[in-house]
Amino acid sequence: MHSGTLNSPIWSIAITPMDERYDPHTIEPRWREQWERTDLYLTREDPGRPKFYVLEMFPYPSGNGLSVGHLHNYVPCDVVGRYKRMAGFNVLHPMGWDAFGLPAENDALLKGLHPKETVPRYAANFKRQLKLSGCAYDWTREINSSSPDYYRWTQWFFLLLHRRGLAYRAPGSQWWCEKCRTILANEQVINGCCWRHPDTVVTRKELDQWYFKITAYADRLIEDLDGIDWPEPIKLMQRNWIGRSEGAELAFPVSGHAGQEVRFFTTRPDTVFGVSFMVLAPEHPLVTAITTGAQRAAVEEYVAQARRQSEIERLSTVKEKTGVFTGAHARNLFSGKDIPIWIADYVLMGYGTGAIMAAPGEDERDFAFAKKYGLEIPIVTAPADGSAAPADRAFTERGVAINSGFLDGLKTSDAISAVCKYAEAHGIGRPTVSYRMRDWLISRQRYWGCPIPIVYCPTDGIVPVPEDQLPVLLPDMKDYEPSGTGRSPLANVAEFVNTVCPKCGGPAERETDTLDGFACSSWYFLRFASPHYAAAPFDPRAGDYWLPVDLYVGGAEHAVMHLLYARMWTKVMFDAGLIKFKEPFPALRNQGMIWAADGQKMSKSKGNVVTPDAMVEKYGADALRLWELFMGPFEEATNWNEDGVFGTARYLQRVWAVVRRYIEAGCPPGDPAAETLRRAHKTIRTVTDHMERMRFNTALATMMDQLNYLAKLTPGETGRFAIESYVLMLAPMAPHLGEEFWRALGHDGSIHLESWPTFDPELTRDETVTVIVQVNGKVRDRLQVPAGQGEAANTAAALNCGAVMKLMTGKSYTKIIYVPDKLVNIVV
RNA sequence: GCGAGAGUGGCGGAACGGCAGACGCGCAAGGCUCAGGACCUUGUGAGGGAAACUUCGUGGGGGUUCAAGUCCCCCCUCUCGCACCA
């Protein structure tokens, strides 16, 4: 842990006259060199200062390098880090690489290389580009999730989850992507396709898999959203993804099959009296047991056909509902009727119990199904206002129970509790909560990932690798191509697979699947607190100091994957007493997407990628940074437009001219006019406010505005305060040029260790104000009046001005609206 | 289908319910240049007018208000998320 001081380094750069023209290509490399030489960006732990931890989402270092689109995340975060440091914080701004996982492996396979060679090379290129862009990271804290120093702790966390009963192995039907040649988690299936391959429909595969029990945290993941400062759409996506719904789980006996029952979940137990049939998912285990001989052929064919269907077809909501009668009946224990049991693919095996009670009078899907197959449609809920329930569609709203025995007359909410109470008393069921979210499937049948630290022993079964034997090293493999059979390539490495049981010492085999890459990124933010700590994933002292992350920034595409997983792990760590906070990222912001100039996604194949390298070469890093900040609101998407970089380069040129003129004039201390002083203080006030709110585009607009003002003054009229405060505020955005100016102004230390300028509210006060004069809400005149002269004087002035007099001749006003020092509206 | 967000000049975008279009790009005119995607100055929403001025104008339609880009209702378009979750 470095504990340097905030003492400024001594530059090895002499003060020389400023060139006439601003030339970023001479300025920028020399300051980058100075920063490295003096370790300017080492994290400094100063107990006298509050800490600020700003973090970008863990990037995968792609072989394509960074584009100007990626910088729209990194540059603003860098500005925040630099601003916060100047504003008095100890700033932690680290960077590392999400290097394990499919993208790295696929890329290496494609190029016939090994990820252990490509990953460091690509990461070095990212690092070079980030440095080139003037981003200030403490590179002594660089981490890499594919390094054994790192993944031994990923494995350690796996064991922690396992010990706490949150990692388990289970068989099941899983999503398989043929292109990835591995199993995917539910979150990684989008529109029935692989999240990495939108053109590849996922299929089902039966395999034993490892899961993390994220569903055990479902309620807390929802509840704790209330206390964190995240964009509302992201919170909403998480709530919807978790999909909590309250209802009841009930069971009806299958007629003629003693001991067999259909268990089902419903959110509307109040409609049980209207249940006229039941539907099982085609994969439901009960199907074979209860299907009658007469129906067997039809049922088997339907099940086979459902299996063949792609998920896309199956999940299509526009598709007409289909199903087949099993021949069996269940006894509706409420209405006392025997009701037919059907199978249909609109019932999903993966949700609830894979079976439903159909209340066609109150559910659109059941209604459509009943209509199609001529099933009975009882009506058991009426609108609360006493009107009749519609006959041509399901009445899905809440209302009052009718035709429902002991529920008649009860409001829906009361009827729900009554059914639950009755069901519990009679052993039919109980109130329960169901979630859309499933457990997180974490095993991957691929090579380039964190090995799961588990051993299979013929006598002891599933045995976790003891902590002191970590890391389970990923073996070196030349031919690591996935087989596509559902077995990891690691299964072919005998030296890896064959091991001894940690319990009995007998021969045993290692787990050969690797962990989902999202496991690696579920705890990396902790590692940055003490990246070289060898005794634990993080030094508890450093963790207490730096965590949680004060500002987390990344794309909205991670709303239900990374952000949900990292939150779950954090809660597990909290429960285990490792950390004192429940949420890893108390404040989250999403940067807007930067599309290419043609409005499409920047991609190599489309040939529309713009690199920072090219922009720095042409305009300089500071100009590029400024355009990243100025092109629009940080959180909104926009198209790339290179002309903008030219514009911000021109702005820097103009700043150069103004500062240079001031320095050439011998830096006159100045006795600025009140107006000039006021403008300087107002600029500080506005820019500070915009920086705090991450409104970089308007912060820069304010700076440009102020420059236009300063450019009209002589150096003597400007004064040192206006120039230096301006340069200080420019420094986080244009760090190279800021440093150059600071040196040229005669300072020896780094501008980035200086304090952010402060303003005097007294000096921002205007002496005169413009009062808008309106007649009937239309602007008719503007008056320059002394500030704070009061309502009487202002309304009198407004009534006496020419424009008003002209309009008012022969009329009288009914009312005057007065907004102090702003507006007089005369209502005629 | 459900949910969320967004529609403002030629373009990117500014506007605590109170001067719509800040700031910038582009464009135009002028200056300066051997030259320039350089630099400087001025102008630049639309219509009308010689001008002072004036009318219209924030996707469309209603409404609330002294006053609406901003608040409310309906509609249209685009982007994103979820897509039979019982």
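In what follows, chains are A, B, ... by sequence order, proteins preceding strands, each numbered from 1.
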Task: Q774(A) CD to G18(B) P, straight-line distance once rounded to whole Å - done: 11 Å

Task: From N639(A), N641(A), T638(A), residue fulfilling side-chain contact (heavy atoms from CB on, under 4.5 Å) relative to M631(A) - done: T638(A)

Task: Gap between atom OH of Y22(A) and atom CG of D622(A) - 0.5 Å precision - done: 4.5 Å

Task: Within the 6.0 Å centroid threshold, strictly below: F369(A) and W342(A) - done: yes

- [ ] Give the nucleotide from the list C56(B), C84(B), A14(B) with an atom nearest to the side chain of P633(A).
- [x] A14(B)

TODO: Describe the nucleic acid contact of I772(A) in one word from base, sugar-phosphate, nothing, applying a heavy-atom distance below 4.0 Å.
DONE: base

Task: Chi-angle category of G9(B) [syn within 90° of 0, anti beyond] - done: syn

Task: Inter- and intrachain pairs under salt bridge (Lys or Arg N to Asp or Glu O under 4.0 Å), touching residues 688-707 of chain A, at least two apart - done: K84(A)-E692(A), D689(A)-R693(A)

- [ ] Take nucleotides 29-43 of chain B nucleotide by nucleotide from the 5' end and write B, S or -, depending on whether a protein heavy atom sits under 4.0 Å from the base, only from the sugar-phosphate, or from neither.
- [x] --------BSSS---

- [ ] Would you tell me if any nitrogen or oxygen in the side chain of R263(A) comes within less than 4.0 Å of OP1 or OP2 on A86(B)?
- [x] no

Task: R436(A) to W241(A) six-membered ring, cation-pi geometry met (6.0 Å, 45°) - done: yes

Open item on the list: Is there a side-chain contact between T770(A) and the phosphate of C19(B), meaning an N or O under 4.0 Å from OP1 or OP2?
Closed with: no

TODO: Could you work out which one of A83(B), A14(B), C19(B) sits closest to the side chain of V779(A)?
DONE: C19(B)

